[in-house]
Structure formats: structure tokens, C-alpha cells
Amino acid sequence: MNRLDWTTLDVQAQRAALSRPMQSRAESLRAGVEQITARVRADGDAALRELTAKFDRCELHAIEVPDKEWREAEARLAPELKAAIDEAASRIDAFHRAAAPQPVALDTAGGVRVERMLRPIQRVGLYVPAGSAPLPSTALMLGVPARIAGCAEVVLCSPARPDGRCDDAVLYAARVTGVHRVFKLGGAQAIAAMAYGTESVPKCDKLFGPGNSWVTEAKLQVSADPEGAAIDMPAGPSEVLVIADDEANPAFVAADLLSQAEHGPDSQVILLSASTALLDAVEVEVAQQWAALPRADIAEKALSQSRLIAVASLAQAVEVSNRYAPEHLILQVADPRALLGDIQSAGSVFLGAWTPESVGDYCSGSNHVLPTYGYARSYSGVSVASFQKQITVQELSPDGLRAIGPCTVTLAAAEQLEAHRRAVTLRLAALEDAA
Ligand code: HSO
Ligand code: ZN
């Protein structure tokens, strides 16, 4: 890991210290995704079969997971894994239910009622990657809020293994959350299928979930097309920023850094501390713990673009963190709540020594589909609201129109929109006539 001292860096060096690994939107990627999308739109299921044979080395008979395979997956799954999925789902459900937006009804003036009602997005498409490892937890993080929102059709795509089956745990998690249909599709072709529809795959209104650069590029392309589908958020590789003080346990800090580093070679982990002793100790711990990891090669690549940064104070650490806007922010300091009020940009925050990021990834109840790559400056993680539309309603009585009509008339006149003005004045005149 690179060691830096924030206080000695000039403006340019500070910017470089917080730069993310370059995300390629290379012309070849763009063109490759465009080609895939065009093929799926033109040839539907036939294109999906061909592309799956080519990219996933798997001959699909049925594109949709049949009932029999759902049942077999559930029967094969270890009881403790089933129980853990059930347990995680119930806590994610509890938190997301409590955090769901509520309808609003308010009189903003006498006789002027304004309301907000919530409606589910009808058809949603969830993507669950299975690249270096299938992620059943992602099926929970997307499926639970979709169910709470009440989406009419919830479709999930996850790539099949070469034996033609989807991962057992992903299928079980999908079933637990009430996902309606699962398709054995991965990559850009899965995104294209859900955005445009094929004979088998229904066209969806909005697509959710993480993925590799092909999936991300496909989501960006379909979201720019009015005939395509909306997306949850732009996504990049996973990342964590840890702020630690001299009381932090270096082994805990190192374990948290490595748990993000093992996600992918382009993941990024950053440690900020005002304590040189802590930075030294974490560096030693990372090297020790890293060597024992099964995914040491992946973590090594991630660590090569990661940083241990010395800062002058906790206040400066918070400043730097807000600037970086991490997906995950871990505060391993004596009084983490004292810093929380100053946190402006982060996807999800983990407080204190006993809150590893892993619990949020799986089962504390919060969502793990979070804004990466600095998007936490303006985006939030997936929640029930992501699966809903908010529709406002207003209703005026005659008194209500008398109360706010003049304000409308003045503003319409100022904007020289005469028809707007008259829509009010002719009604006010009708009220006067009737009086
Ligand atoms: N940390 C990842 C989510 C995840 N971790 C899934 C384990 N499984 C991105 O937030
Ligand atoms: Zn994780």
C-alpha cells in the first residue's frame, strides 16, 4: 500500500491521492456493448442463447429457471446457509420497511390540500453477478425492497454456470424475497434483455444491481435510451475508507481493509489516521493477514492502488473523507458519533470497533448496493424509494382558490403566461357571480 502524508501534499498531489482506478469506457467496450444490445433487440431469445454459449460457455435450453430447478436448489442447500439467508432477509426487511417513504397529506392554506402518494414501479429487473463468486446477498439487497415497494413483476438475471444452472443460494435468496422469475443470463446481454424485452424476458421499467464493466456500460447505454430502462445508479468498483485513531485495533482495521480489497482487482481501500504508530501497525497487519487469504492475488492488485494516508487530525480526516465520498466509511475511533455530524458524503457508515463492514454487506439490515466512485456526493444506496414513484396530488375548495389564486395570477403575469393567469381569474369570476 502507498504511504502518503496529506499535510505535505500540494493541491495536485492531494487530488491524485484520492483518485480512483481509471474506469475504462474504452471505445471497444462501448462498441462491444452496442453490438450485443443490437443483437438482443433484433433476435431476442436466439441472440441470448448464442451470446450465453459464447460468453458463459453454457448451452441454454430454457432461458428461464424452471420450477424444478428452484426446488432442487432449495433441497441441495445446506440448512445453515438457508437459515442465514432467512435471518438476513428478515433484518433487511425490518430496516427497509421502517425506512420506507410515507404518504403525505397537508393543508398548505385553508382549503388547499396537497398530498404525496407512493406507487411501485411496475416491472423491475435485478442483476446478480456471479463472476468470481455468486452473490446471494445481492439478491436479498435488491429483492427485499422490491417486495416491500410492491412491484408487480420482479425479474432477476444471474449468469448460469457451465452446467447450465444458476447458483443454488442465489435462487433460494431470490425465492425468499418473492422474486417472480429468474433468467439464466449474465453480462450486457442480460441488461439488454431486461431493458428491451425478448420472447422470454419481460421488458422492465428500471434495472438494479452491480456488475462488471460490461454490465455497467450496458446499464449506462440503456438508461440513455428513452426506449430502454431507468437504472438505480452509475456504478464503479467497491471501496472503503477507514478513519482510525491511536486506540484502534490494527488487526481489525487491516481485516476491514482486506475485506474490501478481496472484492476485485480494481477495488480501492484507504486508511486515514493521525497516528503514525497505527499506520505502521496496520501496514504490518495487512501484510500478515493478506498472505493467508484465498483471494490474495485479487487483494494484492487492489492494495497496489490503495493508500495509507497520514492526516493532521480527526477533523482533517473527515474533511478528506467527505471529499473522497466513499461507498463505505468505517470510523474506528474512540467516539465515532462525535464525527458523524460532520459526515457529508458516504454510502454507508460503520461506527466503532465492533462494526465490521461485512455485517452491512450481509445482515445488519442496511443495503449493500451503494454509490461508488464518488457518486456518494449526490446518490444514495438502494432502498424502498428506489422501487417507487412519488406522485403529488392537490385539491382546492372555492375558499382554497380564493386564498392562493391571487398568488398564481401575479406569478403567471410575471411570466407572461396569459392562459395560466386566466385559468384562475375566470374561476374566481365564476365564484363571485355565484355569490
Ligand atoms: N461490499 C460489497 C457487497 C458485498 N460484499 C456482497 C459481500 N457480498 C459492495 O458493497
Ligand atoms: Zn463486501
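Worth saying up front: this structure is predicted, and the values here are computed from it rather than measured. One-based numbering, in listed order, for ligands and for the atoms of each.
By the 4.0 Å N-to-carboxylate-O rule, Arg323 lies too far from Glu319 to be salt-bridged with it. In this structure, Glu72 pairs ionically with Lys68, as a charged nitrogen and a carboxylate oxygen lie closer than 4.0 Å. Residues Arg165 and Asp163 are not paired through a salt bridge, judged by the lack of any N-O separation under 4.0 Å between the basic side chain and the carboxylate.
Residue, atom and distance of the protein heavy atom nearest to atom 7 (C) of ligand 1 are Tyr362 OH, 3.3 Å. Annotation: atom 9 (C) of ligand 1 to nearest protein heavy atom, Ser238 OG, 3.2 Å. Given atom 8 (N) of ligand 1, the protein heavy atom at minimum distance is Ser137 OG, 3.5 Å.
Note that Arg20 lies in the cation-pi zone of Tyr324, set by a 6.0 Å cut-off to the ring centre and a 45° limit from the axis.
Less than 4.0 angstrom separates some heavy atom of Glu357 from each of these atoms of ligand 1: 1 (N). Under a 4.0 Å criterion applied to the non-hydrogen atoms of Glu327, ligand 1 contributes the atoms 9 (C), 10 (O).
Comparing His263, His368, His328 against atom 2 (C) of ligand 1, the shortest heavy-atom distance belongs to His263.
Expressed to the nearest 10°, the angle at the Zn ion (ligand 2) joining OD2 in Asp361 with NE2 in His263 is 180°.
At under 3.5 Å, not a single nitrogen or oxygen of Thr138, backbone or side chain, sits near a nitrogen or oxygen of ligand 1.
Checked against Gln221 for a side-chain contact (heavy atoms from CB on, under 4.5 Å), the options Val33, Thr216, Ile231 give a single hit: Val33.
Remark: the His420 side chain and the Thr408 side chain contain no N/O donor-acceptor pair separated by less than 3.5 Å.
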